[in-house]
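Note that the structure is predicted; figures quoted are calculated from it, not measured. Quick note on labels: first sequence line is chain A, next is B, and so on, each numbered from 1.
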Amino acid sequence: MTGLQLSREELLKAYRLMRMIRVFEDRVSAEMASGDIPGNTHLYAGQEASAVGICLHLSESDRIASTHRGHGHCIAKGCDVDGMMAEIFGKDTGICRGKGGSMHIADLSKGMLGANGIVGGAPPIACGAALTSQILGRNDVSVAFTGDGGINQGTTAESMNLAQVWKLPVIFAVEDNGFGEATASSFVVAGEITKRAEALGMAFAKVDGVDFFAVHEAAGEAVERARRGEGPTLLHIETPRYYGHFSGDPDNYRTAEEKAAMRRDRDCLPRFRRRVTEAKLLGLDELDKVDAEVQAAIDQAVASARSAPQPALSSLTTDVYVRY
Amino acid sequence: MTGLQLSREELLKAYRLMRMIRVFEDRVSAEMASGDIPGNTHLYAGQEASAVGICLHLSESDRIASTHRGHGHCIAKGCDVDGMMAEIFGKDTGICRGKGGSMHIADLSKGMLGANGIVGGAPPIACGAALTSQILGRNDVSVAFTGDGGINQGTTAESMNLAQVWKLPVIFAVEDNGFGEATASSFVVAGEITKRAEALGMAFAKVDGVDFFAVHEAAGEAVERARRGEGPTLLHIETPRYYGHFSGDPDNYRTAEEKAAMRRDRDCLPRFRRRVTEAKLLGLDELDKVDAEVQAAIDQAVASARSAPQPALSSLTTDVYVRY
Amino acid sequence: MAQKSFRQALNEALHHEMRRDPNVIVLGEDVAGGSGASGQKDAWGGAFGVTKGLLGAFGPSRVRDTPITESAFVGAAAGAAMTGLRPVAEIMFVDFLGVCFDQIFNQAAKFRYMFGGKAVTPLVIRATYGAGTRSASQHSQALYPIFTHVPGLKVVIPSSPYDAKGLLIQAIRDNDPVIFLENKVLYDTVGEVPDGAYTVPFGEAHIVREGGDATIVALGRMVHFAREAAEILAAEGIDCTVLDPRTTSPLDEDTLLEMAEETGRVVIVDEANPRCGMAADISSIIAEKAFGALKAPIMKVTAPHTPVPYAPNLEAAYIPDAKRIADAVRKAVAFKRS
Amino acid sequence: MAQKSFRQALNEALHHEMRRDPNVIVLGEDVAGGSGASGQKDAWGGAFGVTKGLLGAFGPSRVRDTPITESAFVGAAAGAAMTGLRPVAEIMFVDFLGVCFDQIFNQAAKFRYMFGGKAVTPLVIRATYGAGTRSASQHSQALYPIFTHVPGLKVVIPSSPYDAKGLLIQAIRDNDPVIFLENKVLYDTVGEVPDGAYTVPFGEAHIVREGGDATIVALGRMVHFAREAAEILAAEGIDCTVLDPRTTSPLDEDTLLEMAEETGRVVIVDEANPRCGMAADISSIIAEKAFGALKAPIMKVTAPHTPVPYAPNLEAAYIPDAKRIADAVRKAVAFKRS
Ligand SMILES: Cc1ncc(C[n+]2csc(CCOP(=O)(O)OP(=O)(O)O)c2C)c(N)n1
Ligand SMILES: Cc1ncc(C[n+]2csc(CCOP(=O)(O)OP(=O)(O)O)c2C)c(N)n1
Ligand SMILES: [Mg+2]
Ligand SMILES: [Mg+2]
């Protein structure tokens, strides 16, 4: 189990990020329910090990392109949590100055090329970032996140072919949470997702997305492959989706039992805690301390988002062009 | 070799259609070169065994959706050759009243849903025709033609997934002539084309598109599978493309030797003649008679297209809507 | 007459037509919802509940949850329409047209013309449009100008529950491809809707209100703001006609020109972006064909030339409102040739 | 100055900029041609020969033949632009926008706004447009109104070899996504083109000809017909200004309004379909902002509301020409308020 060879600092970082995502999402859900957040969000809770297991391999010059369910990817890639929360609250201090909202969080300086409201929107963009790396002779990699729903979108198929024929340093991280909205993936995804990579001659792996270490290991191999110039990899990551499709979704297409079992049996956080404490790599007290710090950080993020000013009305018409 | 069990009439029909396509295309090429035909055409010469091997299984209520290289599919599906030639000449007697031209030849009454100027345009449409058949409880099948270039287009990938999850009675006929325009398919098509079907759990076959009997046999199985309600099939048909991408293309990205060898070694017509005469199913005289008849028919088609009237100018604004 | 919501009006139209004609089918992402899952079937009935109940009434062959592949299922709907069905395909947000536009504008819209008049393509594509739900740049656009630009498409934008039902029934019975656009913010608005089936014809504008001083032309949600503005102005002694074209393609030019000529002043309200938008389109028709009657510049009240912002205050500023409309009318009324 | 073709002018622009800036890359279907084949490399240099020679000069890393997957490579170009390159992507025919529109209008065009001003996306998408080559409905459209409608895009339509080169260099150096549209029929037209690099700024209309009786606004190929019409009319004593906006987004409103005010009569020529088209757009700006100076209806000369037909005689009737333009000007000049 290679992941267990991570340093204490790395393990703590991984745990902190996963916990940060979970607490962030649970809090956004609560704030949405109480009507304090405008619009609509898609929560990443349950899928934390995927974003963190992958992004832990990446530096700021590596890039990711994300989905409508992007909060977790943003946090894992190092976006400022205060800025994210303020963005979701639609405030001027938001990471996108309140213009983007939940579905368009981005921070190019961190290599986060944007959440994306369009299913299948990210893969071509991630290929583009990989192309930049390849043409400029850097060894940065990029990651395209997509869901089990997005795997069917033509843009994803096209991007996989392009990445393979150009040997682009890109990873297709397919987060399979079993659903596209209210429709089960078994109903709409033909065949095996990994075989779509295999058919192109592309490297692939299927991993348990509840297991941080499994994701981390598979992602590490994919990242190294890409950095070596050996082209793309598809990662099929099976993961639960804790909330409904969007916050507010009654989620009644899953039985109460199914949902309870999912939360009980498929939670990356206790699994991680058990692993690292059993292996005596971290102590429970350390982990609990992280939990408390994260909780405080999110409380703080919400408080400052709440009190932050709205964007100036004049900003409505700025940032359309660099120059017009 | 099941194909050889075809009746004499069927064999003669197959040969006549293949020869008709060849002579039609050679003639269009000549007329284009002499400037008598407006616009631009993509010639099907060399690929005849594919269209005919497939369409021989189809009746008028079965449907096909075609490509920019559609003349062969049209002829094989029973479109009127005079009307086609007149269409290409841009005349009022054309099969589309001169409004469509080479890239938009269609005859819905024959189940020919249109050539298509958009690479990847046909597969969704063919799925739609198959959906009609499925919902109305008919056992008609439909065929989506695409090239090795079009296999990469997102619409094709999406359609294959849709067809597979809905078990649509549709066949994806991938005519692999080794090129998309001037670019070799080896340069742009990742992996194995049949594996793209396999990855979806879709039935598939790879056949030599120079061999009418091989195509006919594989297509027969696919059509039967579809009629039985067992869903789609992908046929990967390897075939030469005799002319350049479009008529007028200097085709200098292939060496003279390669082109000569292709025409010498990979011609479905002599191959067919040899097979049926060796098996004593048809006589050379019969085949030659077909050749002469076809030649006369094409001469006639050109003559009448040439002398036909242009469309009335008033037709510019008709047929946009059924009613507006 | 019964009071019903815009959503319910649409739902009734679908029920009527599916009952009436077995060739009508409905397909799209989660038009039922719950397919393949352990829990409730027909869990969503569309992201906005418009198709709720169809699955139970008409079964999974005619009510289909699709993969998230708009090109494939919209194109399949076009192919099905050309071969005998009357599909109603749902694109959840019109903003997604970018992933399937070819099948709409190069295929469905052009079949008939390219094929010399032989194809009939009775296809309806329903989609939501519009800002106001804090859904940001990729889920809030209007985009009807793009469809209106395309020959071969018809484009419908109902503003009331009554029109929604009648226009949708017309769309389904119509033999041409129809883009049917529903403003998300209107779903819960309520109005009188007959229980039975009826049609509202295409290309016939609705004169919402008559007044001699100016004509306000508005579509969809903007009709409500136009009416509001007209009421504000009436209190000031400015009497406005409010005209709702209801369909942008075909467009009821006759009524438009008639009202422009009667009032001599025209303000056009358009939730879409301004460049090559509907306001521009309608303005140009009037500027060419009713010029002689004009007493003032033709004013446009539109969204700015920007994407739709997320922050509630910015989004509110993005969307035209009664105040901006009233201001434009006042400006037109005050105009004096120099 | 040397006489060069429109094609050569574009080719020179690409050579200049690729030499000047190693971050400029070119990608598209057969922009080289012959990749992976047995024969000549750089066999096509693009379907219309515009990118010929780039492969030899700059190599296969920077000049890339792509798979036929416009969404993937246009989207990749957008992603590359956002991360440091300056890609020039070629969509062979603008008619193919339907298979990749999302990556253009929802992604590249909106990055900057959605991300609160942080993204810079120096992307150029070159595409051919226009009727006149008997290429029928799916290979002959204009479609620039659709791009012009989209905030975040710039749209360029050169009419002369000189402008073609200067505008393309500007497009490549520009930091926003630019849609650069080349009329196929103009490729072989010839004009004076300096050998060196120069830019033609965006948003500055070109006054092709000055005359006091009417202003003809025209774009791309239509500029030539407008000039022709102006000559016919001059012989009749009607003196026209011909104005070529050169870019539709940004649009040089100032010059447009100035000329409209000076002449009081405006005819707008647009090869696109009429509904929500460029003629409508420009007309509406004048009708709102220069109304007081107008002496006649603003006339539009456009393609009809139909797809592009194949038959040569129908296609010729589809495209606006000098005769129709001259007729419209005569009508405007003859107009009397009743
Ligand atoms: C092109 C497009 N089609 C449809 C949608 C609406 N939509 C948003 S999320 C979603 C489901 C996506 O499923 P999946 O890819 O599995 O991601 P998940 O939501 O499960 O994370 C859909 C259909 C969209 N945003 N974009
Ligand atoms: C969407 C789209 N992109 C590009 C083109 C231009 N084009 C026409 S045919 C062709 C090559 C198609 O290759 P393939 O599918 O192998 O068919 P073939 O020409 O070999 O029969 C291309 C790129 C097009 N018509 N449509
Ligand atoms: Mg999912
Ligand atoms: Mg090919």
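In this structure, the separation between CG on B:Leu316 and OG1 on D:Thr306 is 4.5 Å, given to the nearest 0.5 Å. To the nearest 0.5 angstrom, B:Ile118 atom CD1 is 8.0 Å from D:Glu70 atom CD. Atom CZ of D:Arg134 is separated from atom CD1 of B:Ile88 by 15.5 Å, given to the nearest 0.5 angstrom. To the nearest 0.5 Å, atoms CD (B:Glu258) and OG (D:Ser38) are separated by 3.5 Å. Between the NE2 atom in D:His139 and the CG atom in B:Asn40 there is a gap of 8.0 Å [rounded to 0.5 Å].
Checked against D:Gln40 for a side chain to side chain contact (heavy atoms under 4.5 Å, CB included), the options B:Asp251, B:Thr255, B:Asn252 give a single hit: B:Asn252.
In terms of non-hydrogen atom pairs under 4.5 Å with chain B, the most contact-rich of D:Ser135, D:Ala43, D:Ser71, D:Pro309 is D:Ala43. Looking only at heavy-atom pairs under 4.5 Å with chain B, the residue among D:Val99, D:Thr69, D:Leu314 that has the most is D:Leu314. Across B:Thr318, B:Thr155, B:Asn152, the residue that shares the most heavy-atom pairs under 4.5 angstrom with chain D is B:Asn152. Among the candidates B:Gly149, B:Gly154, B:Gly100, the residue making the largest number of heavy-atom pairs closer than 4.5 Å to chain D is B:Gly100.
For B:Phe187, the part lying near chain D is the side chain, with the backbone staying farther off; criterion is any non-hydrogen pair under 4.5 Å. Neither the backbone nor the side chain of B:Asp319 comes within contact range of chain D; no heavy atoms are under 4.5 Å apart. Interface residue B:Ala312: only backbone heavy atoms are found under 4.5 Å from chain D. There is no contact between D:Glu315 and chain B, counting heavy-atom distances below 4.5 Å.
By the 6.0 Å contact criterion, CZ on B:Arg97 is open, its count of non-hydrogen atoms from other residues, nucleotides or ligands being 12 or less. Sparse packing is recorded around NZ of B:Lys195, with 12 or fewer heavy atoms of other residues, nucleotides or ligands lying under 6.0 Å away.
Distance alone, capped at 3.5 Å, is enough to place a donor-acceptor pair between the D:Tyr310 side chain and the B:Pro38 backbone. For the pair B:Gln153 (side chain) and D:Ile68 (backbone), a donor-acceptor distance under 3.5 Å is present. Panel note: side chain D:Gln138, backbone B:Gly117; a donor-acceptor pair is recorded below 3.5 Å.
Checked against the 6.0 Å centroid criterion, the rings of D:Trp44 and B:Phe179 do not qualify as a close aromatic pair.
Closest heavy-atom contact between B:Pro311 and D:Ala311: CG-CB, 3.6 Å.
The aromatic rings of B:Tyr324 and D:His305 lie parallel to each other, their planes meeting at an angle below 30°, with 60° marking the opposite boundary.
Two residues are said to be in side-chain contact when any heavy atoms from C-beta on lie closer than 4.5 Å; D:Pro67 and B:Val189 fail this criterion.
When only modelled atom types and interatomic distance are considered, D:Asp30 and B:Thr183 share a side-chain donor-acceptor pair under 3.5 Å.
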